[in-house]
Number of protein chains: 4
Amino acid sequence: MSEHPSPRKRRKEARPSELTAAALALFVERGFAATRLEDVAARAGVSKGTLYLYFDSKEALFKAVIQEGIMPVVTEGESIMAQHDGDTFELLGRLLENLWAGIGETPFAGIPKLMVAEAHNFPEVTQFYYENVIRRGRGLVGAALERGMARGEFRSLPVDTAIDVVIAPILMLLIWRASLARCQGSPVDPGEYLAVYMDLLRRGLQRSQV
Amino acid sequence: MSEHPSPRKRRKEARPSELTAAALALFVERGFAATRLEDVAARAGVSKGTLYLYFDSKEALFKAVIQEGIMPVVTEGESIMAQHDGDTFELLGRLLENLWAGIGETPFAGIPKLMVAEAHNFPEVTQFYYENVIRRGRGLVGAALERGMARGEFRSLPVDTAIDVVIAPILMLLIWRASLARCQGSPVDPGEYLAVYMDLLRRGLQRSQV
Amino acid sequence: MSEHPSPRKRRKEARPSELTAAALALFVERGFAATRLEDVAARAGVSKGTLYLYFDSKEALFKAVIQEGIMPVVTEGESIMAQHDGDTFELLGRLLENLWAGIGETPFAGIPKLMVAEAHNFPEVTQFYYENVIRRGRGLVGAALERGMARGEFRSLPVDTAIDVVIAPILMLLIWRASLARCQGSPVDPGEYLAVYMDLLRRGLQRSQV
Amino acid sequence: MSEHPSPRKRRKEARPSELTAAALALFVERGFAATRLEDVAARAGVSKGTLYLYFDSKEALFKAVIQEGIMPVVTEGESIMAQHDGDTFELLGRLLENLWAGIGETPFAGIPKLMVAEAHNFPEVTQFYYENVIRRGRGLVGAALERGMARGEFRSLPVDTAIDVVIAPILMLLIWRASLARCQGSPVDPGEYLAVYMDLLRRGLQRSQV
DNA sequence: AATGAATGAGGCTTCATTCAT
DNA sequence: AATGAATGAAGCCTCATTCAT
């Protein structure tokens, strides 16, 4: 019994994330305002009223969607960083692999698009996301860049700006796949995209050979 | 007399773009669904009903916002491309400058964010945008990459994928400034961002020196 | 000049009835509330604002439509009645002929349907119509019935009720042709309808032959 | 338990006809366009939104009002017709009695006025009404007339036209009582009206005695 | 006299939220 | 815990009316 909690209980504990999963999918697809709670409930296989047993309001649901979303990946990234030993560009590659495995191929891949679209309407959530995801993510990349420069692997760069430049193609890939790529053809092969990008980045960061 | 057409008339001709300008600003800020036509009207200094003298519906207004927005810049880009003579990376720089002057520093800068957020909800407009902006924009960059490769300036690359990688940081800058950068600090200096990016790009594309 | 008033003047004087004619047609077709003044104006070939030069409001236009409509026919009927000499059933026939010529085949034919539909919404106009059309019309028919009874042509009848029964098929023909007959097939040949009805009426009113 | 389904459920099943009843009353009184759904809801003792749980739109409510309205009476009439044996004029009397009991003294009495007023605005509903009520009603009366002629009770008549003539006073009584009679005095005693009419009709149809 | 651009009150409709079952 | 009927605030849109030209 202690090993198999009753299915009802398991269900009950699983409910909130079933609900946020449904909400995430629809928020990403249609935007927050255009998503109806009735549709969220239907997608999660419950009734409209049930949503309110777990979330106080539509906005609370939105917050939960974002907060459940991405932080674990950042934490993992920080641990990869801490443990890494050796070539810095390889470190960047590992961070990217980790990011892609933990987000890129999961439903969370839609979160950046969602945050971009709704940032203005939810300053509080945006603040949270900024502190817990963006700041820490930029910190990771910044630390890697400085490590590479310190070790003489990368050429000298204005780190704060370079962070944004380095992250941009990854973010853009996520956003693109969550928006236009879904409607129009333009499928984009993420593997090739990331390979081309990492190649470009390696050459672009590399200290000029004498 | 010919110099002063009735102010009534002058107004009537100017109205549509006054209205789309107001709508663009609010659509970008809040998203389509969360924008109230009453606020659009107020921002344009007219009453709610006046909107309907010029646009049949909220959706028609959205379409007009997108369609009026960006195409001229693409056309200019094509003409720059056609006339260019000489170094290909310099060509990329000119295209970027033109893009930035025509969009980056104008209210149209918000359109990519808007399209990303609403693509799913307006397949028809998305189709239009894809055909008239994205396809042509990708064509331009692709032609430039091939030109550089043909002239031995750039190393060999899978063009179709490289296009997306090359454009991503520019798009992301626009999107970023239209969303989170507006709420949170992280101001991003576009001049420095673009300089760092172009530097990275130049090194990344360059054919390996022997 | 006195014989040919300037076309502008003629136009000006003709305007009100051009407008009520247009309004009548649309009010009958769609009902008062569902008729847009813009459509009335368009049908009369003027602009929306012009309506307000002649009528204070939509309701005033409605009143004018009704008031211009039918009274002349009633007056004519009263004069026919006064001059008639001889067979009473023939009198009824003449009244009907006059009614049909003055209303049945004119645009005014739609007025009964219009009054029936809008009576509740315009008590004042209804009052007017009742006093000036219905009461006088019933008076005419009532007088004819009494004349026929007094002359021993018609059998004895409760006049007040018989009036309504006698008028009903005529009214119904007008109403029918202004409503369902226009949408659905069921064309109804008024000539035959009236003939059958008058025949029925004649036999129905006739004093039983001994 | 089987006797008391939850009051919730009982209510839910009763709602649609509570709503159409309220709507019928107001549509007849004011016309479709001039009736506000808020008033319909208030008359049914529910809120505006509740209407939309049962009907998709104002127009759908209108359709339901008409479709729920009258058909049963026609069906009953057809069964009376089939079972009748004997004098044909007596058959007409029974049909009328049935009509009056099933419509004339019920709220459905307003439907003919409503259809007459709105026929043009709802061609689809008009079509439905024509097929299901008018055509079948005319069929009934036509069959009765032919029966009477075949049995030598009625004189020879052009049936198709006579149908309309025969029905007209009944329809007109319904329409009249739903419109002007409500506002103005002219109360009309239906009992006397129908008696006078049936008397007129009997004599009018009767084969001339030799 | 005539126009038609502009207004804004008012109605239909949607949907987040509540609550009796 | 779960439901889904009911609510009513809020937004899109229409159209009678006004008024500068």
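The sequence lines fix the lettering, A, B, ..., with proteins before strands; numbering per chain opens at 1.
- If you measure from atom CD of E38(B) to atom C1' of dA9(F), you get 14 Å, rounded to the nearest angstrom.
- Remark: dA10(F) base-pairs with dT13(E). Criterion, Watson-Crick or G-U wobble with two distances under 3.5 Å.
- Of the residues near DNA chain F, G49(A) and D56(B), the one whose nearest nucleotide (by heavy atom distance) lies more toward the 5' end is G49(A).
- Contact annotation: S47(C) side-chain N/O to dT3(E) OP1/OP2 distance is under 4.0 Å.
- When each of dA16(F), dA6(F), dA1(F) is scored by its nearest atom to the side-chain atoms of L53(A), the top-ranked nucleotide is dA1(F).
- Relative to the side chain of R36(D), the nucleotides dC12(E), dC13(F), dA16(F) differ in distance, and dC12(E) lies closest.
- Of the possible donor and acceptor atoms, none in the side chain of S179(D) sits under 3.5 Å from a partner among the backbone N and O of A119(C).
- Comparing dA2(E), dT18(F), dT7(E) by their nearest atom to the side chain of Y52(C) picks out dT18(F).
- Here dT14(F) presents its C1' atom at 18 Å from CZ of F55(B), a figure rounded to the nearest Å.
- When the C1' atom of dG11(E) is taken as reference, atom CZ of R30(D) falls 14 Å away, rounded to whole Å.
- Of the candidate nucleotides dC13(F), dA2(E), dG8(E), dC13(F) has the atom nearest to the side chain of S57(B).
- One cannot find a donor-acceptor pair under 3.5 Å joining the base of dT7(E) and the side-chain atoms of K48(B).
- S57(D) and Y52(D) get closest at one heavy-atom pair: CA-CE2, 4.1 Å.
- Between F27(C) and F32(C), the angle of the ring planes lies from 30° to 60°, which puts this pair in the tilted group.
- Rounded to an integer number of Å, the gap from CG of L51(C) to P of dT3(E) is 10 Å.
- Close to dA6(F), at under 4.0 Å from its OP1 or OP2, lies a side-chain N or O of R15(D).
- The 5' end of DNA chain E is approached more closely, in terms of each residue's nearest nucleotide, by T50(C) than by the other of T35(D) and T50(C).
- Distance L37(D) CG to dA10(F) P: 20 Å, rounded to the nearest Å.
- Of the candidate nucleotides dC12(F), dA16(E), dC12(E), dC12(E) has the atom lying nearest to any side-chain atom of K58(D).
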For this session: Take S17(C) and T20(C) through the test side-chain hydrogen bond (donor to acceptor under 3.5 Å, both in side chains) and record every step on the way to the result.
Result: CA-CA 5 Å; S17(C) 52; T20(C) 50; 5.4 Å; no

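- For the pair K63(A) and F122(A), the cation-pi criterion (under 6.0 Å, within 45° of the ring axis) is not fulfilled.
- Nucleic acid contact class of Y54(B) (heavy atoms, under 4.0 Å, all strands): sugar-phosphate only.
- Of the nucleotides present, dA20(E) is the one that pairs with dT3(F) by Watson-Crick or G-U wobble criteria, both distances under 3.5 Å.
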